[in-house]
2 protein chains.
Amino acid sequence: MTDDVKSAFAAYLHSENLKMTPQRELILDIFLSNSNHISSEELYNIVNTKDNSIGQATVYRMMKLLSDSAIARECEFGDGRLYYELNFGKGHHDHLVCVKCGRKIEVYDEIIEKQQDLLAKKHGFKLISHRLDFFGICGDCAMSEKTTRPQEEVNSNSGAVETVYETLPLSKLESGGRAVVMEFILDGKHGLSGAISNRKLLTSHRSRIQELGIRAGKMVEMLNNKGRGPVMFKVDDSRIALGRGLAMKIIVRKEG
Amino acid sequence: MTDDVKSAFAAYLHSENLKMTPQRELILDIFLSNSNHISSEELYNIVNTKDNSIGQATVYRMMKLLSDSAIARECEFGDGRLYYELNFGKGHHDHLVCVKCGRKIEVYDEIIEKQQDLLAKKHGFKLISHRLDFFGICGDCAMSEKTTRPQEEVNSNSGAVETVYETLPLSKLESGGRAVVMEFILDGKHGLSGAISNRKLLTSHRSRIQELGIRAGKMVEMLNNKGRGPVMFKVDDSRIALGRGLAMKIIVRKEG
DNA sequence: TTCTTTGCAAATGATTTGCACATGA
DNA sequence: TCATGTGCAAATCATTTGCAAAGAA
């Protein structure tokens, strides 16, 4: 497989009168040997450990070549970087993006694809392409959350009580509900409402949220959530009102 | 409706100990009176015509406020800008984005939504949100293409012959097929393979493609497209080989 | 009065580019 | 040979931020 890709790339270079160089070869090798969905910068960091004479620009340029040749495909997940996945010999698929560990799972669903075509047709729309990304928490991360169960709740003195947790945006925590803050979702320059990344915390809002004492691990108690307008909740001993838009960007874990 | 939004925003400001200012009021008015899916910069340009003392930063800051309060929602369509749509009183929806005119059509499909939940569950994935964007050509643009039919083909000397056009990426034009170049799809910094925008031409590749003489309106004839590897086609009198990845980014119109 | 806002200009940060030199075919 | 590739540093570009002056409650 790796060899197929390499000869396909060589053929591409040849057809475009471009040249194979040791830099290009090393970058391709590293791209192929690494887990998919890597950004140019991450790739550069790895390349750099093998050969620190290679510049960032070379890596960026190479990724464009791989994309032009359709050996790689560019994807973006709302955090302002471009990621590259292997495209050679693969068909269309959608992504499940874990906001906790950043893992990207490739999925495909025939029913969704068909229904998308119908939907486009219904609107007189001539489809060229589409993208579907899911943001949430993967099975592994959901599992490990159980392990790092917060101390406040470890009160079982006997018997085997399995507690099931539910992960949701703070904006969906109902009045009276208690939950633990897990994660903030990306915002700022490359934000994407509803969509999420674990790469950076909010930029413009980080300070605002953190000033309020809302930090990962904190317990929150929802005082008032009418499903509309700002939500009112308690952290430590203070009451906080927060716009629904911001509250949607705070992921909490609730006992279910 | 407009009044509802405005009082909701006033309530939000109050709940957050923020203040109403003439700047904020003007920006909100203009946002509400304009078509949805506007970027901060576009909005600033309009605001600027009404009051040129208002700075860009104020507009950017206001859009964050509208997003924090959930009155607006941020969306991005792969061109590196953030767009804002009215969110107040609206539910989840997906977007059909026309690569020709840039129009964004909001759509919703119950079957797709249900299937998405099933798909996530099947992969043990706890869904927080998702986004689904379609890129293609809207009915109106498809219609107006017929009107601006290229001269080369206007040879009907009698009778009413209706010609139906089909729009597709060059990479999908079969060997022997002829088509007219319509559009290049976005790339560069904020590119998105498969996904598309009409805002900018390719940056890094524009020169390469244009040097080759490929321009909107040009007739191309596919010489060899095996469905894999580079495609070979003719423009004017020269033969050109192009990587499949790049060829996917050239939208052509074929007689069908 | 006392925070909050604002406009301006400078800073960000991922990515691209100009340039002079180096190198593959 | 000689067009193409490379590293470096400077340039982009949408967006954010620091700051001193101005304004709302």
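Below, chains carry the letters A, B, ... as their sequence lines are ordered, and counting in each starts from 1.
Dashed line: the shortest gap from a side-chain N or O of B/K19 to OP1 or OP2 of C/dT6 is not under 4.0 Å. At the phosphate of D/dT4, neither OP1 nor OP2 sits under 4.0 Å from any side-chain N or O atom of A/R61. Put simply, A/Y60 has a side-chain N or O that comes within less than 4.0 Å of OP1 or OP2 on C/dT15. Put simply, A/S40 has no side-chain N or O that comes within less than 4.0 Å of OP1 or OP2 on C/dA14. Checking the phosphate oxygens (OP1, OP2) of D/dT6, a side-chain nitrogen or oxygen of A/T21 falls inside 4.0 Å. In this model, the phosphate group of D/dT6 is approached by a side-chain N or O of A/R24 to a distance below 4.0 Å at OP1 or OP2.
At a threshold of 4.0 Å, the pair A/R103-A/D140 counts as salt-bridged, since one of the basic side-chain nitrogens sits closer than that to a carboxylate oxygen.
Within a 6.0 Å radius of NZ in B/K90, more than 12 heavy atoms belonging to other residues, nucleotides or ligands are found. Other residues, nucleotides and ligands contribute more than 12 heavy atoms inside 6.0 Å of the NE2 atom of B/H92.
Taking atom CG of residue A/N45 and atom C1' of nucleotide C/dG13, one finds them 14 Å apart after rounding to whole Å. Taking atom CG on B/L66 and atom C1' on D/dT15, their separation rounds to 16 Å, with Å as the unit. Rounding to whole angstrom units, CD of residue B/E74 and C1' of D/dT15 are separated by 11 Å. Across the protein-nucleic acid pair, B/L26 atom CG and C/dT5 atom P stand 17 Å apart, rounded to whole Å. Rounded to whole Å, atom P of D/dT4 lies 7 Å from atom CG of A/N17. A/L65 has its CG atom 10 Å from the C1' atom of D/dG5, to the nearest Å. For the pair A/H14 NE2 and D/dG5 P, the interatomic distance rounds to 13 Å; values are reported in whole Å. Distance CG (B/D79) to P (C/dT15): 15 Å, rounded to an integer number of Å.
A donor-acceptor pair under 3.5 Å is formed between the side chain of A/N225 and the backbone N or O of A/S171.
In this structure, A/S39 reaches neither bases nor backbone, as no heavy-atom distance under 4.0 Å exists between it and the strands shown.
Where B/Q56 and B/P22 meet DNA chain D, the nucleotide closest to each residue was compared, and B/Q56 sits on the side nearer the 5' end. DNA chain C is contacted by both A/A57 and A/E41; A/E41 maps to the nucleotide lying nearer its 5′ end (nearest heavy atom per residue).
Nearest heavy atom pair, residue A/L86 against residue A/N36, reads N-OD1, 2.6 Å.
Checking D/dA14, D/dA25, D/dT6 against every side-chain atom of B/R81, the shortest atom distance belongs to D/dA14.
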